[in-house]
Amino acid sequence: MQANTTRGFLWSDVETRTLLNIWGEQDIQAALDGNFRNSFVYRDVSRRLGSMGFDRTPEQCRVRIKSLKRQYLLAKEGNLRNNGQYHKICKFYDTMERILSNRPGLDPHEFMDSGAGGEETVEGLEEDGEDAQDVDSEGRGECPYPAETEVKLEYPTVPIPIPVKVTVGNNSTFHSASSLSNRTPKRPRKRRTNFPMEKLMEQYLEQSAQAEDNFYRMEEQRLQAEDRRREAEHARELHMLQMLGQMFSSISSTRPSSPVTPPKTAPAVPSSVFSSASPSLFERYYSLGSTLKRGMDDDDNMLSLVKNIVPALTSKKHKGQDGRIGIIGGCQDYTGAPYFAAISALKVGADLSHVFCTKDAATVIKSYSPELIVHPVLDSPNAVEEIEKWLPRLHGLVVGPGLGREDLLLKTAKEVIEKCKARDIPIVIDADGLWLVTQQPSVIQGYQKGILTPNFMEFTRLYEALHHEPMDSSDHQRSVMQLSVAMGNLTLVLKGEHDLITDGSKVISCNIEGSGRRCGGQGDLLSGSMGVLAHWAHTVYQMAKNPSLVAAFGACSLTRQCNSQAFQQHGRSTTTSDMIQEIGSAFKKLFES
Ligand SMILES: NC(=O)C1=CN([C@@H]2O[C@H](COP(=O)(O)OP(=O)(O)OC[C@H]3O[C@@H](n4cnc5c(N)ncnc54)[C@H](OP(=O)(O)O)[C@@H]3O)[C@@H](O)[C@H]2O)[C@@H](O)CC1
Ligand SMILES: Nc1ncnc2c1ncn2[C@@H]1O[C@H](COP(=O)(O)OP(=O)(O)OP(=O)(O)O)[C@@H](O)[C@H]1O
C-alpha cells in the first residue's frame, strides 16, 4: 500500500478507528507526552497505519489527531455529553475519552491551542497562525463564545466562510464565522440570554464540521484530477519511448550486417528461441540457464533485482508487514488450486494469506491447512461487498486458481478486479481468471500492476480473442510481445519449457532447469508466489524498473527450482505438495545466497 499515490483527505470511520487504536497505545501516548518534538512518533504512527493497509503521511495523521482532539474538547467543553448530542460533534468521543482520560495533567487549552503543546509540533512544519490568533483573542477576553468554539481548519490557510444560522425570534439570519467573531462582546451575550448556549453551539459546530467536510471533499477531487493528469502524462511519455524503441528496432533490422545469429563468442542458442526475433529483440533477450555469456550477466542482473526486493527479517516487524495476499478462487470442483496458491504465498514469505472461495469449498480448504484464512463468500449475494471489506488490508491479489467458469463467479471476480485496480493493488491473473480476461480483456488491459500467467492453451485462447486470427506458434517471443502490446503493455508470462516474460518492450526467458514432471498445480504455486513478489517489487522499485517483470522472473525461477529439487527426491511421484515443501530451500538458494 505504500505505493499508493492518492491520499484522500477524507478519513473513513474504519481508518480513523485504526488511527485512534494506534495513537491510543500506551507507548505512543508516553512518547508524545515526553517529547517536545514528535515527528518521529507520528512517523511511527503513519508506518503502523500503513502496515494495516492505510496509506497516510505522518503529517496527515498528526492533523487528523489534532482535529479529533478539537472535536472532542468542543463536545466536552460544550457540555453536550448530558443531552447525548456529543456524538454529533465528536463521533469518536468515547474512544477519545478513554485515551485522553489516562493522560496526566490534561489542559483543555493545550488541545484548543495546538501551538502550546510539544505534541502538536512536527519537524519542519510550523503551525499556521490560527492558534496564535485564538490565544490572543481569548487573552483579551473578547467575544467569549466564538473564541471558545471556533473550529479551526488545518487546511487551507485561506479562511473559509462558515455560515452560522442564528435564530432570533421568528427570524433566521445567516452570518459567517468571521463576522460572528468580529462582533462586539455585548450582542452575543444578549443572544445567549434568549437562546440556550448549548443549542447555539451545537448548530454552529455542526455547520462548521459540514463546511470542513465539504472543503476536504473538494480538495480530494482536486488531488484525484491532478493524479489523473500525471498518469496521462506518464502514459504519453511511455508511449513515445516505445515508439522510439520500435523505430530503432526497425532501423537496425534493415542493416545488412545485422547479427540475426548470435555473436561468435556465444555458443548457439536453441533456434526456437531466436528464430525470427529481430536483432533488437535479440539484444534485449535474456536467457537464464543458457550458456550464452551476455545472457548469464543479464540473468545475474535479473536475480539481483529479485534479491533486492526480498524484505529483511527483523524483530522490529509485526505480523502483516511483509504481505497480506488474497486469492480469489475455490469452488465445488477445485479446492486444491486455491490452497496451493495461498500456501505458496505464505511459504514465500507473506505473513497472511486469505482465500475467498465458495461456501462449499471453504470447509474443505480450511481442512487442508489451519494457516489459511478462508472466507466462504464468493457465491454469496453480496460477495463483492464482502471481499471489498478486506481490500484495504491486502497487498496483492491472485485471481483465478480453482475459480471455475460459472458466470456469477466470473462476474464477482471482474468486479473485485475493478475495485483492486482503483486501489492500485498488484493483481496476478491465472487459470479461470484468464478465461474471464479472454471474454473481457478490458478488465485488466493497460493496468501496469497486472500480470497474466497463461499456459500454452490459455495463451492461445487469449491471443486469438485479441487478434482474431490464429497465432504463429513457430515464434512464441513475437506472439507474446504482440499479446502484451495488445493488452496495453501488460506483463505476461507464457509458461512452458522456457517461461517467456514480457511487458511488450522486451522478452525475458527463464530457463532454470526443472524436471520432466508436469503434475497439476505447479501453475498455482507460480501464481501464489508471484502475488507476494509483485507486492515486494512494487514497494521497492515503484516505477523505476518494471516491478512486474522482476516479480514474474522471481516466481518462475522459484517454481522451476522447486520442481527440480522435488524431483530429485521423489522422481515420477513428485506432486505439487512436494514442490511446496521445497519453497524454503529453493528460495534461499536463489535469492538469499
Ligand atoms: N488440484 C486442483 O484443484 C487443481 C485445479 N486446477 C484448476 O482447474 C481449473 C481448470 O484449469 P485447466 O488448466 O485444467 O483448464 P484449461 O485451461 O481448460 O485446460 C484444459 C486443457 O488444456 C490443455 N492444456 C493445458 N495445458 C496445456 C499446455 N501447456 N499445452 C497444451 N495444452 C494444454 C489440456 O488439454 P488435453 O491435453 O487434455 O487435450 C488440458 O486438459 C482451473 O481453475 C485451475 O486452477 C489446476 O490448477 C490444477 C490443480
Ligand atoms: N515443459 C516444461 N519444462 C519445465 N518447466 C515447465 C514446463 N512446463 C511448465 N513448467 C513450469 O511449471 C510452471 C507451471 O506451468 P504449467 O504449464 O504447469 O501451468 P498450468 O497448466 O497453469 O498449471 P496448473 O496445473 O496449476 O493449472 C511454469 O511456470 C514453469 O516454471
Side-chain angles (χ1 to χ4, degrees), residues 270 272-273 288-289 327-344 355 357-358 360-361 364-365 368-369 378 398-406 409-410 413 428-439 451-465 471 473 476 479-480 491-501 508-530 533 551-567 574-580 582-583 586 590:
S272 64
V273 174
L288 186 66
I327 313 290
I328 306 287
C331 61
Q332 192 178 28
D333 287 349
Y334 307 120
T335 54
Y339 161 78
F340 290 144
I343 199 79
S344 300
V355 177
C357 58
T358 62
D360 46 13
V364 183
I365 298 172
Y368 296 152
S369 165
L378 208 50
V398 181
V399 181
L403 176 64
R405 292 174 191 170
E406 265 186 41
L409 300 185
L410 294 177
V428 177
I429 304 190
D430 185 34
D432 298 320
L434 293 167
W435 181 263
L436 166 68
V437 177
T438 303
Q439 319 297 315
I451 311 180
L452 306 186
T453 57
N455 62 28
F456 183 72
M457 187 69 156
E458 291 155 344
F459 182 83
T460 312
R461 277 192 215 119
L462 251 177
Y463 185 96
E464 287 171 7
M471 78 175 214
S473 53
H476 287 176
S479 305
V480 94
T491 299
L492 272 181
V493 180
L494 170 54
K495 300 177 288 192
E497 190 179 350
H498 313 282
D499 290 328
L500 298 182
I501 306 162
I508 302 170
S509 174
C510 180
N511 298 342
I512 280 190
E513 197 180 334
S515 77
R517 178 74 173 127
R518 299 270 69 79
C519 50
Q522 296 185 36
D524 307 317
L525 192 164
L526 179 84
S527 59
S529 46
M530 203 178 291
L533 294 176
F553 185 84
C556 289
S557 310
L558 184 69
T559 306
R560 299 172 81 96
Q561 182 67 27
C562 289
N563 184 259
S564 160
Q565 289 181 202
F567 188 77
T574 299
T575 61
T576 299
S577 297
D578 299 324
M579 287 172 58
I580 287 168
E582 298 299 320
I583 290 179
L590 290 172

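Each ligand, and each atom within it, is numbered from 1 in the order the structure gives.
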Exercise. Considering only the protein, which heavy-atom contact is closest to atom 26 (O) of ligand 2, and what is its distance?
Worked result: G523 N, 3.0 Å
Seminar exercise, completed: Looking at R405, K495, E497, the heavy atom closest to atom 16 (P) of ligand 1 belongs to R405
Exercise. Is atom 33 (C) of ligand 1 less than 4.0 angstrom from some protein heavy atom?
Worked result: yes
Problem set entry | Protein contact of atom 35 (O) of ligand 1 - nearest heavy atom, named by residue and atom, plus distance | M457 CE, 4.8 Å
Exercise. Going by heavy atoms, is G521 under 4.0 Å from ligand 1?
Worked result: yes
Problem set entry | Residue part near ligand 1, for D430, under 4.0 Å between non-hydrogen atoms | neither
Exercise. Among protein heavy atoms, which lies nearest atom 25 (O) of ligand 2, and at what distance?
Worked result: G521 N, 2.8 Å
Problem set entry | atom 43 (O) of ligand 1 [closest protein heavy-atom partner, distance rounded to 0.1 Å] | D432 OD2, 2.4 Å
Problem set entry | Proximal atoms of ligand 2 relative to L526 (non-hydrogen, under 4.0 Å) | 29 (O)
Problem set entry | Nearest protein heavy atom under 4.0 Å from atom 49 (C) of ligand 1, yes or no | yes
Exercise. Closest heavy-atom contact between D499 and R560?
Worked result: OD2-NH1, 3.1 Å
For this session: Pull out every atom of ligand 2 sitting under 4.0 Å from any heavy atom of G520, numbered as shown with elements.
Result: 25 (O)
Problem set entry | Within reach of ligand 1, part of A337 (heavy-atom separation under 4.0 Å) | both
Exercise. Can an N or O of D430 be found at a distance shorter than 3.5 Å from an N or O of ligand 2?
Worked result: no
For this session: Given side chain to side chain contact (heavy atoms under 4.5 Å, CB included), test T574 with E582 step by step and report yes or no.
Result: CA-CA 11 Å; T574 299; E582 298 299 320; over 6 Å; no
Problem set entry | Protein contact to atom 26 (N) of ligand 1 [nearest heavy atom, distance to 0.1 Å] | N455 ND2, 3.4 Å
For this session: If you have a sec, work out which protein heavy atom is nearest atom 8 (N) of ligand 2 and how many Å separate them, to one decimal?
Result: R518 NE, 3.4 Å
Exercise. Is the shortest distance from a Lys or Arg side-chain nitrogen in D578 or R517 to a carboxylate oxygen in the other one below 4.0 Å?
Worked result: no
Seminar exercise, completed: Restricting to heavy atoms, the pick from Y334, F456, F340, W435 nearest atom 30 (N) of ligand 1 would be F456
Exercise. Nearest protein heavy-atom contact for atom 47 (O) of ligand 1: which residue, which atom, what distance?
Worked result: D524 OD2, 2.8 Å
Exercise. Is there any N or O on Q522 that sits under 3.5 Å from an N or O of ligand 2?
Worked result: yes
Exercise. Would you say E513 has more than 12 foreign heavy atoms packed within less than 6.0 Å of its CD?
Worked result: no
Exercise. Nearest protein heavy atom to atom 13 (C) of ligand 2, by residue and atom, and its distance?
Worked result: T559 CG2, 4.0 Å
Exercise. In the protein, which heavy atom is nearest to atom 17 (O) of ligand 1, and how far is it?
Worked result: R461 NH2, 3.2 Å
Exercise. Protein heavy atom under 4.0 angstrom of atom 37 (O) of ligand 1, is there one?
Worked result: no
Problem set entry | Residue E497 vicinity, atoms of ligand 2 by number, heavy atom under 4.0 Å | 1 (N), 2 (C), 3 (N), 7 (C)
Exercise. Is there a protein heavy atom at a distance of less than 4.0 Å from atom 45 (O) of ligand 1?
Worked result: yes
Exercise. Where does N455 meet ligand 2, judged by heavy-atom distances below 4.0 Å: at the side chain, the backbone, both, or neither?
Worked result: side chain
Exercise. Donor-acceptor pair, Q439 side chain versus L436 backbone, under 3.5 Å?
Worked result: no
Exercise. Who's the nearest protein heavy-atom neighbour of atom 20 (P) of ligand 2, and how far?
Worked result: K495 NZ, 3.6 Å
For this session: Provide the number and element of each atom of ligand 2 under 4.0 Å from a heavy atom of D524.
Result: 26 (O)
Exercise. Hey, what's the ring geometry for Y339 with Y368, parallel, tilted or perpendicular (30° and 60° as the breaks)?
Worked result: perpendicular
For this session: Give the atoms of ligand 1, by number and element, whose distance to some non-hydrogen atom of A431 is under 4.0 Å.
Result: 42 (C), 44 (C), 45 (O)
Exercise. Would you say D499 has any N or O atom under 3.5 Å from an N or O of ligand 2, going by distance alone?
Worked result: yes
Problem set entry | Sub-4.0 Å protein heavy atom next to atom 21 (C) of ligand 1 | no
